[in-house]
There are 2 protein chains.
Amino acid sequence: METTLSAEIRNQFADYLLRNGFRQTQERFAILEQAYNMEEHFDVETLYKKMLDEKGFHISRATLYNTIELLVACRLLVRHQFGTLAAQYEARTKADKHFHVICTHCGAIREIKDDNVRNAVLNKRITKFTAEYYSLYIFGLCSKCKYALKRKNQL
Amino acid sequence: METTLSAEIRNQFADYLLRNGFRQTQERFAILEQAYNMEEHFDVETLYKKMLDEKGFHISRATLYNTIELLVACRLLVRHQFGTLAAQYEARTKADKHFHVICTHCGAIREIKDDNVRNAVLNKRITKFTAEYYSLYIFGLCSKCKYALKRKNQL
DNA sequence: GTTACTGCAAACGATTTGCAAGTGG
DNA sequence: CCACTTGCAAATCGTTTGCAGTAAC
């Protein structure tokens, strides 16, 4: 679990900071690294706890939010909002390769890969717009919930 | 702008309420009707103001949230979360027919219809899951923002 | 040295909740 | 009439902001 962050990603952030007159702080790179080491999508609280528990690195939420905003702005992170909960983030490099299937009853989220869907979306030309990435959420019922609802005659 | 709500939709809600032992109140049907009369996606505050201003009907936010939850549960409304703002809702009958294009810089949202994309998504079979509807968001830069950012050398 | 960044705590806005009063079945 | 709903106000949760101390450049 040490530095698995590619130099390319790190440079992309450094570049962005430089180009926009932002400073290169230890905190900012630590957050980028942790974000890119997360297995799944994560929220700010999870990131905070993980940095504290696993690295002993305390970063205030203000700084976390601020930095994540920068990472979203420079397209290294993608923001998701599943349901009403806290915003979830995900490395851009992962986000493009799958979509999310969400059970509207129990809230379970699964990731699905599918090239047909991916290509249909990416090939779509949109006038006066340059697409950078997409989020696809398919809502419905997982088999467990569907069965449970049927038994209760609520379907 | 009077009752344009189809009997089918109304019955679908009545049915759901009955089936689950919820009561059929004036407020619930008024909210359903207003929600289905909105031109675009809307948030709770907008719905509240519209009912008050146009119909003189005051409904507490608690009731609005409660009822909208029911409408989402019975698949008459779809919930969207663009950006970090308040949740946006949309009649299910409209939601399936388009996707959203969102400028990550200025936040502008456009609706786009495309049957290729729609079919690719709807034809996707997912194991142990029954799809009901989907939300597709394509993020990127609108031409105005792209031009502005290029001038500032931030791209 | 400046000026932007950080951490803290207070503020904020959307949503939820507790409770007394109202109303559908 | 009883239990579910409503409206209100207070509480909660994620996120943002103001400000004093700290560190990049």
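Letters A, B, ... mirror the listed sequences (proteins, then strands); counts begin at 1. Hydrogens, waters and symmetry mates play no part in the numbers below; they use all other heavy atoms, side chains included.
Distances shown here put a side-chain N or O of A/Asn66 below 4.0 Å from the OP1 or OP2 atom of C/dT6. For C/dC8, the OP1/OP2 oxygens have a side-chain nitrogen or oxygen of A/His58 closer than 4.0 Å. For A/Ser60, no side-chain nitrogen or oxygen approaches OP1 or OP2 of C/dC8 to under 4.0 Å. Here B/Thr25 reaches the OP1 or OP2 of D/dT6: one of its side-chain N or O atoms lies under 4.0 Å away. Here A/Arg28 does not reach the OP1 or OP2 of D/dA24: none of its side-chain N or O atoms lies under 4.0 Å away.
For the pair A/Leu64 CG and C/dC8 P, the interatomic distance rounds to 12 Å; values are reported in whole Å. B/Phe57 places its CZ atom 10 Å from the P atom of D/dT6, with the value rounded to the nearest Å. In this structure, B/Leu70 atom CG and D/dT6 atom C1' are separated by 13 Å, rounded to whole Å. Look at CG on B/Leu52: it is 14 Å from C1' on D/dG7, rounded to the nearest Å. Whole-Å rounding puts the A/Leu47 CG to D/dT15 C1' distance at 15 Å. A straight line from OH of A/Tyr48 to P of D/dT15 spans 15 Å, rounded to a whole angstrom. Atom C1' of nucleotide C/dA4 and atom CG of A/Asn20 are separated by 14 Å, given to the nearest angstrom. Separating the CG atom of A/Leu17 from the P atom of C/dA4 is a distance of 15 Å, rounded to the nearest angstrom.
In this structure, A/Gln26 reaches neither bases nor backbone, as no heavy-atom distance under 4.0 Å exists between it and the strands shown. A/Glu45 comes within 4.0 angstrom of no nucleic acid atom, judged by non-hydrogen atoms across all strands.
Ring-plane geometry between B/His100 and B/His98 is classed as perpendicular, the angle between the planes exceeding 60 degrees on a 0 to 90 degree scale with a lower cut at 30. Aromatic ring pairs are classed by plane angle as parallel below 30°, tilted from 30° to 60° and perpendicular above 60°; the pair A/Tyr89 and A/Phe42 is tilted. In this structure, A/Phe13 and A/Phe29 have perpendicular ring planes: the angle between them is above 60°, well past the 30° mark.
Among C/dG7, C/dA14, D/dG14, the nucleotide with an atom closest to any side-chain atom of A/Tyr65 is D/dG14. Counting only heavy atoms from C-beta on, B/Arg23 has its side chain closest to C/dT23 among C/dT23, D/dG14, C/dA4. Nearest nucleotide to the A/Phe22 side chain, out of C/dC5, D/dG14, C/dT6: C/dC5. Closest to the side chain of A/Ala86, out of C/dT15, D/dG14, D/dG7, is D/dG14. Closest approach to the A/Ile59 side chain among C/dG7, D/dA23, D/dT15 is made by C/dG7 (side chain taken as heavy atoms from C-beta onward).
Contact annotation: side chain of B/Arg61 to base of C/dA14, donor-acceptor pair absent below 3.5 Å.
For the residue pair A/Val117 and B/Ala120, the shortest heavy atom distance occurs at CG2-O, 3.6 Å.
Classification of A/Lys94 and A/Glu39 as a salt-bridged pair fails, no side-chain N sitting under 4.0 Å from a carboxylate O. The residues A/Arg19 and A/Asp15 are annotated as salt-bridged, a charged nitrogen and a carboxylate oxygen being separated by less than 4.0 angstrom.
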